[in-house]
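Data block below; observations after.
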Amino acid sequence: MCEKAKEDGVAAMAACYQGFDPAAYLQYNYTPPRADFERQDSIVPWKLGCLHRAFTEGDVSGELLVDIGSGPTLYQVLSGCEVFNRVILTDFLEVNRQELRRWLRDEGDCGLDWTPYLQHVCKLEGRQPSEWTEKAARLRAVVSDILPVDVHRPQPLAPGALPSVGADCLVSCFCLESVSPDLAAFTRALGHIQGLLRPSGHLLLIGALGESYYFGGPGVKIPVVPLNEAEVCASLKETGFTLIRLEVYTLPQDMRVGVDDVSGVFFVKAKKE
């Protein structure tokens with residue numbers, strides 16, 4: 001069924017995700033070598049560095065940060081939770097929302113130990129790694145909701161989920177290209193989430209370059225829109241964003257571990273026009 005997703009459209013993409021395994025996905029992508037905090041060229045520290053810079057440059061501010069398509073991950077809001085007093089996490093899949101709830105309730109039995117991530121971001125912020133417990137407490141305190149989202153709907157969140165003015169900042173990592181059957185659907189989804197932002201609000205977007213598939217669990221092969229930098233920039237412009245910065249990471253050969261065919265990752269900081 002998944003092999004036909006690009007022809008069958010959004011409904012088939014949703015069907016691909018029915019076998020998604022959060023624990024397997026976390027092990028594939030968020031353990032060494034991709035999450036080796038001793039290596040300068042490891043992909044996870046690169047992403048955390050991009051997010052840290054974006055959230056601490058002084059122009060991203062406000063009350064509400066919304067993460068679009070959180071998956072089972074938390075790394076994308078570890079810097080933002082220090083800037084915003086309210087954070088909303090979202091995902092299409094209930095299994096991912098359950099994984100996030102387990103961590104936020106400190107229930108144990110999570111698919112990944114986020115301690116090294118918390119420690120690394122503390123170091124980026126000039127704090128002692130031992131202060132990771134304070135950061136964890138801060139994140140748990142400011143996350144107010146974990147909500148369903150569907151980026152293919154013109155209103156991706158339920159009515160009333162956000163203040164009428166919209167969110168001050170959106171972050172979204174590896175979501176839109178991974179749930180869209182083609183570039184046109186990716187661009188439409190980007191336009192839909194743009195509607196969640198207040199005027200002059202910021203978007204921090206991380207995504208895959210040159211990726212046609214990834215594994216969401218053993219034998220669960222999910223198609224991806226293989227983007228390039230020019231297409232990302234064109235989609236942003238078409239949907240009413242002004243690009244502030246685009247950074248690109250190229251995967252070293254030993255980071256290509258067979259769970260996808262990604263060649264690079266982009267980081268975008270943009271502003272709603």
Side-chain angles (χ1 to χ4, degrees), residues 44 47-92 96-97 99-101 103-105 114 117-118 120-122 124-125 127 132 134-151 155-176 189-207 236 239-245 247 267-273:
V44 166
K47 291 187 290 184
L48 291 172
C50 288
L51 290 163
H52 167 72
R53 288 190 296 277
F55 279 118
T56 56
E57 287 170 330
D59 56 338
V60 177
S61 62
E63 183 67 21
L64 176 61
L65 169 66
V66 179
D67 181 27
I68 301 295
S70 305
T73 66
L74 293 160
Y75 71 92
Q76 61 274 24
V77 293
L78 295 184
S79 292
C81 75
E82 303 289 349
V83 178
F84 293 87
N85 291 319
R86 185 181 174 205
V87 175
I88 294 176
L89 306 177
T90 72
D91 201 71
F92 181 75
N96 285 336
R97 300 195 298 270
E99 174 70 21
L100 297 172
R101 289 188 200 107
W103 187 88
L104 289 167
R105 293 172 182 165
W114 292 103
Y117 288 74
L118 291 156
H120 184 77
V121 177
C122 281
L124 292 176
E125 294 171 353
R127 300 158 67 180
W132 72 268
E134 286 85 351
K135 177 171 280 294
R138 168 71 183 179
L139 180 57
R140 289 185 169 108
V142 299
V143 172
S144 61
D145 293 288
I146 302 173
L147 301 177
V149 68
D150 185 345
V151 298
Q155 291 186 321
L157 296 173
L162 300 185
S164 57
V165 69
D168 298 294
C169 180
L170 299 181
V171 60
S172 186
C173 300
F174 303 105
C175 172
L176 304 185
L190 189 59
H192 294 160
I193 69 169
Q194 190 259 30
L196 301 174
L197 264 180
R198 66 165 171 81
S200 300
H202 285 85
L203 170 69
L204 306 179
L205 186 67
I206 294 178
L236 288 164
T239 53
F241 286 102
T242 298
L243 180 65
I244 297 172
R245 182 165 72 251
E247 299 181 48
F267 171 81
V268 157
K269 182 178 182 179
K271 191 173 185 179
K272 181 174 178 176
E273 294 174 359

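Counting from 1, the numbers follow the sequence of the chain as shown. Please read these numbers as outputs of a predicted model, since none were measured by experiment.
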Legend entry - Shortest non-hydrogen contact between C169 and V60, atoms and distance: SG-CG1, 3.8 Å
Legend entry - CG on D67 to CG on D91, rounded to 0.5 Å: 9.0 Å
Inset, instruction - Please check if atom CD in Q155 has more than 12 non-hydrogen atoms from other residues, nucleotides or ligands closer than 6.0 Å. - result: no
Inset, instruction - Of all the heavy-atom pairs spanning V151 and P156, show the shortest one and how long it is. - result: CA-CB, 4.2 Å
Inset, instruction - Kindly compute the distance separating NZ (K272) from CG (D168), expressed to the nearest 0.5 Å. - result: 11.5 Å
Inset, instruction - Walk me through it: do W114 and T73 pass the test side-chain contact (heavy atoms from CB on, under 4.5 Å)? - result: CA-CA 9 Å; W114 292 103; T73 66; 3.8 Å; yes
Inset, instruction - Taking the side chain as every heavy atom from C-beta outward, state whether S79 and E125 have any atom pair closer than 4.5 Å. - result: yes
Inset, instruction - Before giving the answer on side-chain contact (heavy atoms from CB on, under 4.5 Å), spell out for F267 and L204 the whole-Å C-alpha distance, their side-chain angles and the decisive distance to 0.1 Å. - result: CA-CA 7 Å; F267 171 81; L204 306 179; 4.2 Å; yes
Inset, instruction - For the residue pair Q76 and K47, establish whether any side-chain heavy-atom pair is separated by less than 4.5 Å. - result: no
Inset, instruction - Inspect the contact between D59 and K271 and indicate whether a charged nitrogen and a carboxylate oxygen are less than 4.0 angstrom apart. - result: no
Inset, instruction - With rounding to the nearest 0.5 Å, note down the distance linking NE2 in H202 to CG in L65. - result: 12.5 Å
Legend entry - L64 side chain reached by P163 side chain, heavy atoms, under 4.5 Å: yes
Inset, instruction - Could you tell me which non-hydrogen atom of L100 sits nearest to which non-hydrogen atom of P72, and how far apart they are? - result: CD2-C, 3.8 Å
Legend entry - Criterion side-chain contact (heavy atoms from CB on, under 4.5 Å) on V87 and L89, from CA distance to verdict: CA-CA 7 Å; V87 175; L89 306 177; 4.0 Å; yes
Legend entry - Note, F55 side chain near E82 side chain (heavy atom, < 4.5 Å): no
Legend entry - Salt bridge K269-E247, side-chain N to carboxylate O under 4.0 Å: no
Inset, instruction - Compare every heavy atom of V142 with every heavy atom of F84, then report the nearest pair and how far apart it is. - result: O-CG1, 4.0 Å
Legend entry - Candidate pair L51 and I206, rule side-chain contact (heavy atoms from CB on, under 4.5 Å), full reasoning: CA-CA 9 Å; L51 290 163; I206 294 178; 4.1 Å; yes
Inset, instruction - Kindly say whether L48 contributes a backbone atom to a donor-acceptor pair with the side chain of R53 at under 3.5 angstrom? - result: no
Inset, instruction - Rounded to the nearest 0.5 Å, what's the gap from CG on L176 to CD1 on I68? Could you check? - result: 8.5 Å
Legend entry - Side chain to side chain, R86 and D145, heavy atoms closer than 4.5 Å: yes
Legend entry - Ion pair E134/R127, N-O distance below 4.0 Å: no
Inset, instruction - May I ask you to decide if T90's main-chain N or O and S70's side chain share a donor-acceptor pair within less than 3.5 Å? - result: yes
Inset, instruction - Determine yes or no for a side-chain-to-main-chain donor-acceptor pair under 3.5 angstrom, with N85 supplying the side chain and E63 the backbone. - result: no
Legend entry - Value rounded to 0.5 Å, distance of CZ in F174 from CG in L205: 9.5 Å
Inset, instruction - Using the test ring-ring contact (aromatic ring centres under 6.0 Å, His included), find all partners of H52 that sit at least two apart in sequence or belong to another chain. - result: none
Inset, instruction - Taking the side chain as every heavy atom from C-beta outward, state whether L74 and W103 have any pair of such atoms under 4.5 Å apart. - result: yes
Inset, instruction - For residues I193 and L203, determine if any side-chain heavy atom of one lies less than 4.5 Å from a side-chain heavy atom of the other. - result: yes
Legend entry - Rounded distance (nearest 0.5 Å) linking atom SG of C175 with atom CG of L190: 10.5 Å
Inset, instruction - Determine whether L162 and I88 make a side-chain contact, defined as any pair of heavy atoms from C-beta on separated by less than 4.5 Å. - result: yes
